[in-house]
Amino acid sequence: MRPDAEEKPSAAPAPRLLKPADLPDNFTRSLYKIAPYRGCAHGCRYCDGRAERYYVEGDFERDVEVRRSIPERLERDLATVREAGMIGFGSGVTDPYQPLEKAELLTGRCAELLAAAPRALPAMVMTKSSLVRRDLPAWSRVNESSGFLLMVSLTSLDEELREAMEPGASSFAERLAALRAFKEAGCAVGVLAMPLLPGLSDGEDSIRALYAACAEIGVDFVMPGGLTLRPGRQKDFYLAKLGAFRPELVEPTVALFREDRPSGSPLRQAAAALFERLAPIRRDFGLPYLLPHAAFARFLPAHDALRLLYRDMIELYAERGTDTARLRASAERYDAWLVGLRRAFRRKRSLPADWLEERFDEASRSGELESLLDNPRLAAFTRGVLLEEARLDYGSLTLVEAPRAAARRGEPTEPLERA
Ligand code: SF4
């Protein structure tokens with residue numbers, strides 16, 4: 001264990017923890033990021049965090065940096081935070097509920113602080129540990145006030161494989177139980193079915209069994225993905241561990257990654273074959289692969305929810321073979337406009353805390369947003385989303401009236417129109 005480098009005695013105040021990005025992240029939906037640890041004792045054999053580009057010093061699994069000042073810094077920043085947005089705990093290179101958290105309670109204290117904060121901010125946790133259940137009461141309070149999303153990484157139901165490839169993480173059964181507990185508590189929950197490991201967990205039967213378990217719980221989405229191996233430490237480590245577990249898979253895996261792309265991607269045809277194998281499974285279970293619009297529109301300010309919706313639409317339509325050039329151009333203009341607004345807001349501390357929300361509202365009512373989009377079809381669709389509170393159903397790509405709006409009139413939700 002290593003102490004946090006930022007904790008060395010110094011007269012200067014600790015740096016700001018809640019530093020908002022210019023735009024919420026497509027993948028985690030978060031505007032803020034908090035990482036109470038650096039490195040990860042879950043020790044997944046394929047972990048991207050070992051790659052040189054992340055500059056994690058020492059042994060990735062053993063020399064975990066513990067940032068004990070995080071709860072105090074969060075408490076300090078929550079008193080003055082100006083921008084609404086989701087706080088993300090966890091990423092592909094560290095886990096906020098790794099074993100040290102049991103004693104350190106850093107993520108747990110952050111959950112309590114958020115549950116009690118005067119300004120309600122939504123939160124997202126990404127983990128492979130059932131320890132997150134310890135903090136269910138606090139996260140439920142966060143969910144009630146502003147929204148909470150639990151993303152659990154889960155790629156198979158085979159415990160022997162889990163022990164070999166994710167030795168420090170919770171069992172698959174414990175992770176499923178955690179998903180069920182949060183779902184039953186009314187939180188949004190999703191499964192990151194990645195990385196599906198070549199020859200180990202990327203076969204049709206294994207993926208079907210995983211989807212069936214997720215569907216039974218009623219998760220909100222399952223996001224599948226293949227393995228990436230960046231040349232260097234990450235790839236060398238994985239191949240060595242694979243050799244000890246299933247030596248016959250080393251040669252085909254080396255062949256799949258023989259291009260040594262900096263991104264770690266395998267041969268294009270392998271990625272395409274996995275995508276083809278996934279398509280009928282996804283269709284059969286009908287689970288979206290992205291957090292549905294209705295879920296994140298509830299947590300996020302309208303200006304950020306719209307940004308994420310446009311990005312999701314680009315993916316969803318491109319996947320169906322639709323030309324998305326026009327949509328992409330409008331989304332890029334919207335992003336640039338939103339970044340400009342945010343920066344203006346940050347520069348001028350005298351602006352009221354709800355200035356961004358007010359400015360966005362004015363732009364959507366005055367026609368400014370419509371001319372910015374320069375796409376009448378998208379503008380009409382956007383009006384439905386903003387003014388009628390309609391939500392895009394990611395399966396049918398149909399706009400559906402928000403349950404809240406229908407409930408106000410005591411009517412069932414109805415499809416409105418196609419996007
Ligand atoms: S849980 Fe995530 S961060 Fe930790 S070792 Fe596994 S993949 Fe890496």
Side-chain angles (χ1 to χ4, degrees), residues 1-2 4 25 27-28 30 33-67 70 88-102 104 106-107 124-135 149-156 158-159 161-176 178-179 189-198 200-202 210 222-230 232-242 244-245 263-265:
M1 189 200 309
R2 283 187 296 137
D4 177 357
D25 181 67
F27 177 54
T28 64
S30 304
K33 274 190 216 159
I34 294 184
Y37 307 95
R38 189 167 163 87
C40 185
H42 283 159
C44 304
R45 296 342 198 179
Y46 48 76
C47 183
D48 198 24
R50 286 195 182 79
E52 284 76 358
R53 75 198 299 255
Y54 297 110
Y55 303 108
V56 178
E57 291 164 27
D59 183 315
F60 182 76
E61 294 169 39
R62 293 197 182 87
D63 301 329
V64 177
E65 186 176 304
V66 180
R67 297 166 162 172
I70 292 263
F89 291 82
S91 67
V93 298
T94 185
D95 193 312
Y97 281 100
Q98 60 180 292
L100 279 170
E101 168 63 15
K102 206 165 182 177
E104 296 286 346
L106 302 181
T107 309
M124 179 286 298
V125 163
M126 190 191 298
T127 186
K128 278 191 175 82
S129 173
S130 60
L131 183 56
V132 66
R133 288 184 72 176
R134 178 196 65 190
D135 298 332
L149 164 65
L150 175 66
M151 297 210 271
V152 169
S153 167
L154 187 68
T155 52
S156 156
D158 175 351
E159 263 309 285
L161 176 63
R162 199 277 307 158
E163 279 173 22
M165 289 291 149
E166 300 171 356
S170 296
S171 72
F172 290 141
E174 288 168 331
R175 285 183 235 175
L176 286 167
L179 282 162
V189 299
V191 167
L192 302 173
M194 55 175 75
L196 295 166
L197 300 174
L200 293 171
S201 53
D202 69 345
L210 177 65
V222 177
M223 188 188 290
L227 176 68
T228 55
L229 285 181
R230 294 182 198 274
R233 281 195 306 221
Q234 185 203 4
K235 183 174 178 181
D236 298 346
F237 188 83
Y238 180 73
L239 291 174
K241 295 296 177 186
L242 182 65
F245 178 54
S263 66
S265 298

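Numbering of ligands and ligand atoms starts at 1, following listing order.
The shortest side-chain heavy-atom distance between Arg162 and Arg175 falls under the 4.5 Å cut-off.
Below the 2.8 Å limit, atom 4 (Fe) of ligand 1 has as protein N, O or S neighbours Cys40 SG.
Arg67 places a side-chain N or O within donor-acceptor distance of the main-chain N or O of Ala35, the cut-off being under 3.5 Å. The backbone N or O of Val66 lies less than 3.5 Å from no partner atom in the side chain of Glu104, so there is not a single donor-acceptor pair. Of the possible donor and acceptor atoms, one in the side chain of Ser201 sits under 3.5 Å from a partner among the backbone N and O of Leu197.
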>> Would Lys241 and Tyr46 count as a side-chain contact (heavy atoms from CB on, under 4.5 Å) here? Give the steps.
In response: CA-CA 9 Å; Lys241 295 296 177 186; Tyr46 48 76; over 6 Å; no

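Qualifying side chain to side chain donor-acceptor pair (under 3.5 Å) partners for Ser129, counting only residues two or more places apart in sequence or in other chains: none.
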